[in-house]
Participant: 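Please find one structure pasted underneath; my questions will follow.
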Amino acid sequence: MSVSVSSLWFMVLFSFVLSYGEASHQIYRNLESIPSSSSQDQPYRTGYHFQPPKNWMNGPMIYKGLYHLFYQYNPYGAVWGNIVWAHSTSKDLINWVPHPIAIFPSQPSDINGCWSGSATLIPMGKDIVPHILYTGINKANQQVQNLALPKNLSDPYLIEWVKVPQNPLMAPTSANQINASSFRDPTTAWRVRGEWRVIIGNKKNRRGKAILYRSKDFTTWAEAKHPLHSSPKTGMWECPDFYPVSTSSQVGLDTSFVGKGTKHILKVSLDDKKHDYYYIGNYIPKNDTFIPDGETIESVPGLRYDYGKYYASKTFYDSVKHARILWGWVNESSSTADDIKKGWSGIQAIPRTVWLDKSGKQVIQWPIQEVEELRGENPSITMGPDLESGSRIEITRITSAQADVEAVFGISDFKMAEAFDPSWTDPQLLCSQKGTTVKGGLGPFGLLVLASDKLEEYTAVFFRVFKSQEKYVVLLCSDQSRSSLNGDNDKTTYGAFVDVDPIDHSVVESFGGLGKAVITARVYPTLAIGDKAHLYAFNYGSETVTINRLYAWSMKNAKLH
Ligand SMILES: *[C@@H]1O[C@H](CO)[C@@H](O)[C@H](O)[C@H]1NC(C)=O
Ligand SMILES: *[C@@H]1O[C@H](CO)[C@@H](O)[C@H](O)[C@H]1NC(C)=O
Ligand SMILES: *[C@@H]1O[C@H](CO)[C@@H](O)[C@H](O)[C@H]1NC(C)=O
Ligand SMILES: *[C@@H]1O[C@H](CO)[C@@H](O)[C@H](O)[C@H]1NC(C)=O
């Protein structure tokens with residue numbers, strides 16, 4: 001491996017046009033399959049995903065035009081433990097400047113760890129004061145909630161933080177019967193009629209809960225009679241997130257915004273499943289109730305931000321861009337032993353703008369536009385070739401190990417689409433059963449990324465299209481099973497159904513499919529690294545598909561340290 005080995009980060013922006021008779025319909029989606037490198041010994045280090053120099057991460061806000069990212073960090077090792085709040089700032093969410101640790105154990109109420117929390121920006125006089133609520137692990141190893149404030153508001157980097165003497169502000173007691181091992185991750189607070197509200201993740205037996213607290217001064221908090229929401233048999237709810245979305249526009253809303261034409265998203269990270277699930281519903285401020293619309297987190301497959309590896313995510317309202325921005329943590333898929341050898345684990349996915357789909361049935365996500373600034377000049381452009389059954393073409397002229405690809409595939413004949421069996425409720429299972437090797441009518445077709453010379457290694461990102469009565473079901477798969485010759489990695493195949501109806505012309509104009517299904521994966525090739533990594537478009541289905549348009553850019557490195 002040469003010193004010039006570049007990062008193996010890969011982003012696939014998949015679009016594809018389904019042409020049906022006269023109509024043409026576009027289904028757009030984004031998916032990130034990751035990996036990377038930056039030095040001789042670090043083939044997997046990412047080139048432009050935010051990553052701490054070492055160890056774990058997670059947390060975000062914009063203050064005086066500067067983005068702040070706080071993340072869960074272990075200063076002493078590559079595995080979870082000794083948790084503090086590390087801190088970096090950025091002008092563009094891509095290039096980062098590191099700062100000293102912002103919050104570390106120093107009080108009886110957090111002496112055993114400073115776990116996740118959130119920032120709330122509070123106007124006070126002519127200032128806006130960020131308030132950070134976080135979970136502290138106290139002397140008795142109980143989870144309690146603490147508050148920290150910036151020491152010097154004139155410092156735009158907010159380097160130093162002071163904890164209020166009243167900490168902890170919320171704690172398990174014999175009166176409230178809260179389980180001291182299941183009480184964590186306060187959200188950004190929102191205000192109704194002058195009173196603040198915050199929710200905290202909890203469980204009682206197997207019932208997951210978002211416990212609600214209220215406060216007039218942000219210091220004295222009282223638990224509400226009812227949780228904001230709860231659900232039986234879902235286990236611990238970690239890192240809840242609760243925010244309004246517009247039903248008619250992609251513009252983001254301040255967390256406290258309440259009004260007509262909005263819905264609320266309640267996201268919870270299910271500790272048992274290690275996935276982020278969300279509800280869409282109505283928030284009723286009058287009695288602090290959240291009423292989910294149809295789909296719930298118990299339904300199968302359930303609504304998820306990402307059908308691959310993505311956890312402990314949090315959004316914040318970007319008051320400059322007027323957008324809601326989503327950050328998520330992407331766990332490694334390597335063994336703990338390999339993580340220790342690498343010296344780090346966990347990265348942040350590229351921040352995504354998130355908004356409600358016009359259907360109101362799911363959210364749409366798209367990487368923030370700033371990512372495009374990292375695209376090299378002269379993309380490799382492929383327009384028009386047919387991919388016949390069983391064929392594969394190489395996409396050249398780019399650094400395939402660190403690239404960004406947008407592809408639009410066209411299908412002109414749907415007759416070959418196989419019938420969809422209604423008993424197929426688990427897209428991940430379907431993807432792993434069929435893989436790339438089982439020939440279908442329409443598909444598998446898509447991309448082989450991070451592929452080695454002789455295809456000993458590759459990650460396949462592909463589609464299969466099925467016919468289901470009057471609809472087509474599109475299955476999106478990310479198959480890591482051949483991604484690495486190293487047998488120690490988790491190579492689970494991921495899958496998602498993409499909710500589209502090619503017969504519905506509105507798909508085109510609404511761009512409704514854009515960012516409808518997202519899959520993030522971690523892969524660790526041993527051969528397909530640096531300039532040995534290849535990129536192919538393939539079609540192993542029976543019916544010909546067309547590459548209407550494929551743009552591939554080499555990606556530059558972001559400044560991270
Ligand atoms: C607060 O920060 C400003 C800007 O960095 C600095 O000039 C000032 O000296 C700081 N004040 C204190 C008390 O540290
Ligand atoms: C409290 O939560 C912990 C951690 O999940 C669990 O092991 C314990 O059984 C719970 N205790 C009670 C009384 O439910
Ligand atoms: C809150 O108010 C809504 C609308 O009036 C009602 O449907 C709901 O049942 C109430 N929830 C509680 C817990 O009282
Ligand atoms: C992280 O990934 C490892 C390996 O795939 C898995 O065993 C573990 O459960 C994951 N942890 C989380 C929090 O997702």
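Model, not experiment: these values are computed from the prediction. In each ligand, atom 1 is the first atom listed, and ligand 1 is the first ligand listed. Positions are given from 1, in the same order as the sequence printed here.
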Participant: List ligand 4 atoms under 4.0 Å from Trp329, heavy atoms only on the residue side.
Facilitator: 13 (C)
Participant: Please report which non-hydrogen protein atom sits nearest to atom 8 (C) of ligand 3, along with the residue it belongs to and the distance in Å to one decimal place.
Facilitator: Asn287 ND2, 3.8 Å
Participant: Any idea which protein heavy atom is nearest atom 13 (C) of ligand 3, and the distance to it?
Facilitator: Thr289 OG1, 3.9 Å
Participant: I'd like to check Trp237 versus Lys203 (side-chain heavy atoms, cut-off strictly below 4.5 Å). Are they in contact?
Facilitator: no
Participant: Suppose we measure from atom 7 (O) of ligand 3 to each protein heavy atom; which comes out shortest, and what is that distance?
Facilitator: Ile291 CD1, 3.9 Å
Participant: Checking Arg197 against Asp288 for the salt bridge (charged side-chain N to carboxylate O under 4.0 Å, His left out) test, could you report, in this order, the C-alpha distance in whole Å, the side-chain angles of both residues, the deciding distance, and whether it holds?
Facilitator: CA-CA 9 Å; Arg197 275 114 169 108; Asp288 280 319; 2.9 Å; yes
Participant: Should Lys309 be counted as touching ligand 4, given the test is an N or O pair under 3.5 Å?
Facilitator: yes
Participant: Verify whether one side chain among Arg191 and Ser256 offers a donor that lies under 3.5 Å from an acceptor in the other.
Facilitator: no
Participant: Salt-bridged, Glu457 to Arg482, with N to O below 4.0 Å?
Facilitator: no
Participant: Are Tyr71 and Trp327 close enough that a side-chain donor and a side-chain acceptor fall under 3.5 Å?
Facilitator: no
Participant: Just to confirm my output: which protein heavy-atom neighbour is closest to atom 2 (O) of ligand 1, and how far is it?
Facilitator: Asn152 ND2, 2.3 Å
Participant: Please indicate whether any nitrogen or oxygen in His226 is less than 3.5 Å from any nitrogen or oxygen in ligand 3.
Facilitator: no
Participant: Have Gln145 and Thr135 got a donor and an acceptor in their side chains that come within less than 3.5 Å?
Facilitator: yes
Participant: Within a distance of under 4.0 Å, is there any protein heavy atom near atom 11 (N) of ligand 1?
Facilitator: yes
Participant: Hey, is atom 4 (C) of ligand 1 under 4.0 Å from any protein heavy atom?
Facilitator: yes
Participant: If the contact criterion is a heavy-atom separation under 4.0 Å, does Tyr310 count as touching ligand 4?
Facilitator: no
Participant: If you define the side chain from C-beta out and look only at heavy atoms, does anything of Leu158 sit under 4.5 Å from Lys151?
Facilitator: no
